[in-house]
Every structure is written in C-alpha cells, then in structure tokens.
Amino acid sequence: MKSMLLLVLCAGLCFANSNIHQHNIQTLMNNAVVVQVPHAHGSIVEVPLTCGDAYQDNEVFWKKDGEEMTPALQGNQIRVLVKEMKAGNYSCHLSSSGEYLNHTLILVQLDPDNRTVILEEKSPKEGHIQCSALNYKGSFHCTWKKTQHRSHAAVLLVKASRYQDEISCVVDADGSGVQCQDVDCPYKEEKHPIQLIIYMHSHSRLEAYTKSFYLREIVRPEKLPNLHISCGQVFSWDYPDTWEKPRTFFSLHFQVKVVQSGQSCNSDRIILQNNLTEETKYDVNIKSKKYVFCVRAQDKFALGPWSHWSQYM
C-alpha cells in the first residue's frame, strides 16, 4: 500500500515538473526579459531574477507591480513562476528601509508570434505597419493602428537596421508611429533592405511586428503644390519642395484625370480618363465647364507609391 502511494506521489510530482519550463527566456533589453511559450493556456515558466551584484550582501525583498508578494520573496537571487500571461514588473528593495534598488519587467510572447491582437492589419499586402518617405535622403516614417480593445498598448522597443548598420528611430508622442533616419542612405544604391521590428506590449503580453522594405519602395512624393488654371483650361503645378534635385535626374511623371463636379478625385464618375504626362501642365480639352481637375505624381523610374491627389474645382 505504501509502495503504491509512493508511486502516485512520484507520478504527481513528475507531472507537475513537466509543466514547468525553464527555457525560452530571452533578455530583450536592460531590465526586460521575454518568456516565450507555444500557447498561453496552461503554461508555467520558471524565471530566475537577480537584484544585482552590487546588492549581493544586502537583505532585500521583492514586489510585483508595486505590491508586496505573498508569500514574501527575499534574497538577491530568486525564482518566480510565470503562469500563462500573468507576468509583471518585479522590483527589489532594501529590507531595512524599503528603498528601491532595481527591477525586471517580465513579458510573455507567444512563439510562434502569429496570433497578433494589439495592432490592426490594414490589408494582407500592407500588413500591420505602413511606411513612407518624401524623398531619398534616408528619413522615413512608419505608422500603425491599435485594435479597439488594446488602445492602452504601448511601444516597448524599436529596432531598425540595414545589413549591419543600425538606424536611429524616435517614437511619435502619441505612440502611433515612429520617425527614423538612415544616415548612410542618401543617393546610395540599395543593396540591402531596411529591417524594422516594433515591440508592442499590452499588460504582460508582448508582440513583435516586423517589416522589410527598400526605401525606393516607399518613397511617396508630397501633394503637388501651386495647382492653378490659366488660359482657359490649362492647368499648371509645381514639383514638391521636398522632392530631390536635380529634377532632370530625379524625374516625376504625373497622372491626370477629370471627374464630375462635386466629386472627389477617387470617384469613378470620370469625365477624362487617367492620362500620363511628364510636363507640369495639362490642357483640358472637354466641353463641360464644371468639373474637378485631379493630378498626382510618382517617381518616373522607381515607380513607387503615387502621391495623394491634388485637385482644382
């Protein structure tokens, strides 16, 4: 009978230990580690934490998300169990005064990271992140939109690089985009794409969003300025001030269309079908006197994204 009970206890302990994983823990940045699990339900991961070598001889205790833990955890080196998505911010403090010493943010990431819930996918082609640049000087801007139920999510880290060179980025004040500058880029032939990773976290959940592109694929000219009419129905416009020079080398071509009066340039109620020209003027030769004239620009050689429509009513 005792032998049978011992076998049952051993089996139970073995089963419990089999559910505790000690691997798939990565340091993402200073004071932040990521626990990677195949699925959130039922996962238990043991994570080692250290207050710091400088505090080896001090008596310290730990808090989770600012609250003392029950049962209390003490010591410079501890181990915590992260169950499912219940991670958090673990901070260590002097036992004598409660003074803050250090902290480690533990986040949970599903691996493979293909069940994204933080950012909206604009389309299968455009993905979760949309990037654009006004010219070839190396500056580009990327944006995203958070899902309705994850509006509180925040950017934890941005990594951008081209081959072996890092690219500096600054997150927008509202957290909905990032501005980056590739200082080695201007006018060089692009042999390698830009690699961008945005790490977003919602509570303890971490998701990594990636995008790979060449600058020439995202350069979108600004809307064409100074659109005006003269000599009856001859429309003229200028190159954007932000476009590259000399313009004989960085050439644009222009798409022109005329839509019915009161319609937007995206309307399918077209009077004059899309026409291409390399000149910065166009003679509208139609009978109607009331219409909307539309024109937009594209890099003539790279054939990247079109600018937004400029219109004259």
Note to self: Using only atom types and a distance under 3.5 Å, with no angle test, would you say the side chain of Q298 pairs donor to acceptor with the backbone of G304?
What the structure shows: yes

Note to self: I want to check something: taking the side chain as every heavy atom from C-beta on, are L119 and E207 in contact at a cut-off of under 4.5 Å?
What the structure shows: no

Checklist line | Pairwise distance OG1(T143) to NZ(K122) - rounded to 0.5 angstrom | finding: 7.0 Å

Item checked: Residue that, paired with C92, satisfies side chain to side chain contact (heavy atoms under 4.5 Å, CB included) out of T104, L101, N76 -> L101

Check: Counting only N and O atoms by type, is there a donor-acceptor contact under 3.5 Å from the side chain of S202 to the main-chain atoms of R205?
Finding: no

Next item on the list: May I ask you to check whether the SG atoms of C142 and C131 are separated by less than 2.5 Å?
Entry: yes

Checklist line | Check against side chain to side chain donor-acceptor pair (under 3.5 Å), E120 and T147 | finding: CA-CA 5 Å; E120 290 185 3; T147 57; over 6 Å; no

Notebook entry, point to check: With a 4.5 Å heavy-atom cut-off, do R216 and Y136 have their side chains touching?
Noted result: yes

Check: Between atom OH of Y239 and atom NZ of K245, what is the distance when rounded to the nearest 0.5 Å?
Finding: 12.0 Å

Checklist line | Validation row: Q233, I286 side chains within 4.5 angstrom (heavy atoms) | finding: yes

Margin query: Please check: side-chain N/O of E121 versus main-chain N/O of G127, any donor-acceptor pairing under 3.5 Å?
Written below: no

Checklist line | Short side-chain donor-acceptor distance under 3.5 Å, S132 and R220 | finding: no

Check: Do any N or O atoms from the side chain of E217 and from the backbone of Y214 form a donor-acceptor pair under 3.5 angstrom?
Finding: yes

Margin query: For a quick test of reading the model, state the closest non-hydrogen atom pair linking P221 to P240 and the distance between them.
Written below: CB-CG, 4.5 Å

Note to self: If we count only N and O atoms by modelled type, under 3.5 Å, do the side chains of H228 and S230 hold a donor and an acceptor together?
What the structure shows: no

Note to self: If the test is side chain to side chain contact (heavy atoms under 4.5 Å, CB included), which one of N89, V34, L49 qualifies with I106?
What the structure shows: L49

Item checked: side-chain contact (heavy atoms from CB on, under 4.5 Å) assessment of L215 paired with D182 -> CA-CA 10 Å; L215 197 66; D182 184 359; over 6 Å; no

Item checked: Separation of H93 NE2 from C51 SG (nearest 0.5 Å) -> 8.5 Å

Notebook entry, point to check: Do K211 side-chain atoms and E126 backbone N/O form a donor-acceptor pair below 3.5 Å?
Noted result: yes

Notebook entry, point to check: What's the verdict on side-chain contact (heavy atoms from CB on, under 4.5 Å) for E244 and K137, showing C-alpha distance, side-chain angles and the deciding distance?
Noted result: CA-CA 8 Å; E244 303 288 358; K137 291 183 172 65; 3.2 Å; yes

Notebook entry, point to check: Is the number of heavy atoms from other residues, nucleotides or ligands under 6.0 Å of D241 CG greater than 12?
Noted result: no

Margin query: Are Y282 and F293 packed together at the side-chain level, in the sense that at least one heavy-atom pair is separated by less than 4.5 angstrom?
Written below: yes

Next item on the list: Report the distance from atom OG of S91 to atom CD of E68, rounding to the nearest 0.5 Å.
Entry: 10.0 Å

Checklist line | Minimum heavy-atom distance between A153 and I118, given as atom pair plus value | finding: CB-CG2, 3.5 Å

Notebook entry, point to check: Between Q255 and L276, does a side-chain contact (heavy atoms from CB on, under 4.5 Å) hold up when you go through it step by step?
Noted result: CA-CA 5 Å; Q255 187 180 50; L276 286 178; 4.0 Å; yes

Next item on the list: Check whether the side chains of S264 and N266 place a donor and an acceptor atom closer than 3.5 Å, and report yes or no.
Entry: no

Checklist line | Considering all heavy atoms, the nearest W237-V256 contact | finding: CH2-CG2, 4.2 Å

Margin query: With heavy-atom distances below 4.5 Å as the criterion, would you say the side chains of L107 and Y199 are in contact?
Written below: no

Margin query: With a sphere of 6.0 Å drawn around CG of D283, does it hold more than 12 non-hydrogen atoms of other residues, nucleotides or ligands?
Written below: yes

Item checked: Rounded distance (nearest 0.5 Å) linking atom CG of L196 with atom SG of C169 -> 6.0 Å

Margin query: Can a donor-acceptor pair be found, under 3.5 Å and without considering hydrogens, that links the side chain of K290 to the backbone of S261?
Written below: no

Notebook entry, point to check: Can any side-chain N or O of N135 pair as donor or acceptor with the backbone N or O of T242 at less than 3.5 Å?
Noted result: yes

Margin query: Is the shortest side-chain heavy-atom distance between I229 and F235 below 4.5 Å?
Written below: yes

Note to self: Has S251 got a side-chain atom pairing as donor or acceptor with K300's backbone, closer than 3.5 angstrom?
What the structure shows: no

Next item on the list: Answer yes or no: are there more than 12 heavy-atom neighbours, outside H152 itself, under 6.0 Å from its atom NE2?
Entry: yes

Note to self: Measuring only between side-chain heavy atoms, which start at C-beta, is N31 closer than 4.5 Å to N102?
What the structure shows: yes

Notebook entry, point to check: Side chains of D165 and H192: is there a donor and an acceptor less than 3.5 Å apart?
Noted result: no

Check: Side chains of M200 and W144: closer than 4.5 Å at any heavy-atom pair?
Finding: yes

Checklist line | Enclosure of K145 NZ (heavy-atom neighbours >12, cutoff 6.0 Å) | finding: no

Next item on the list: Please indicate whether Q260 has more than 12 foreign heavy atoms, meaning atoms of other residues, nucleotides or ligands, lying under 6.0 Å from its CD.
Entry: yes

Next item on the list: Kindly indicate, with the supporting measurements, whether the criterion side-chain contact (heavy atoms from CB on, under 4.5 Å) is fulfilled by V183 and Q181.
Entry: CA-CA 6 Å; V183 295; Q181 177 66 52; 4.0 Å; yes

Next item on the list: For residues I197 and A208, report the shortest heavy-atom separation together with the two atoms involved.
Entry: CG2-CB, 4.3 Å

Margin query: Pair S139, Q179 - check side chain to side chain donor-acceptor pair (under 3.5 Å), show working.
Written below: CA-CA 7 Å; S139 177; Q179 183 72 42; 2.8 Å; yes

Check: Nearest heavy-atom pair of I270 and Q273: which atoms, and what distance?
Finding: CD1-OE1, 3.3 Å

Next item on the list: Answer yes or no: does atom CG of D174 have more than 12 heavy-atom neighbours from other residues, nucleotides or ligands under 6.0 Å?
Entry: yes

Margin query: For K83, is the NZ atom crowded, meaning more than 12 foreign heavy atoms sit under 6.0 Å from it?
Written below: no

Next item on the list: Check the surroundings of atom NE2 in H103: do more than 12 heavy atoms from other residues, nucleotides or ligands lie under 6.0 Å from it?
Entry: yes

Check: What distance do L110 atom CG and T116 atom OG1 have between them, rounded to the nearest 0.5 Å?
Finding: 10.5 Å

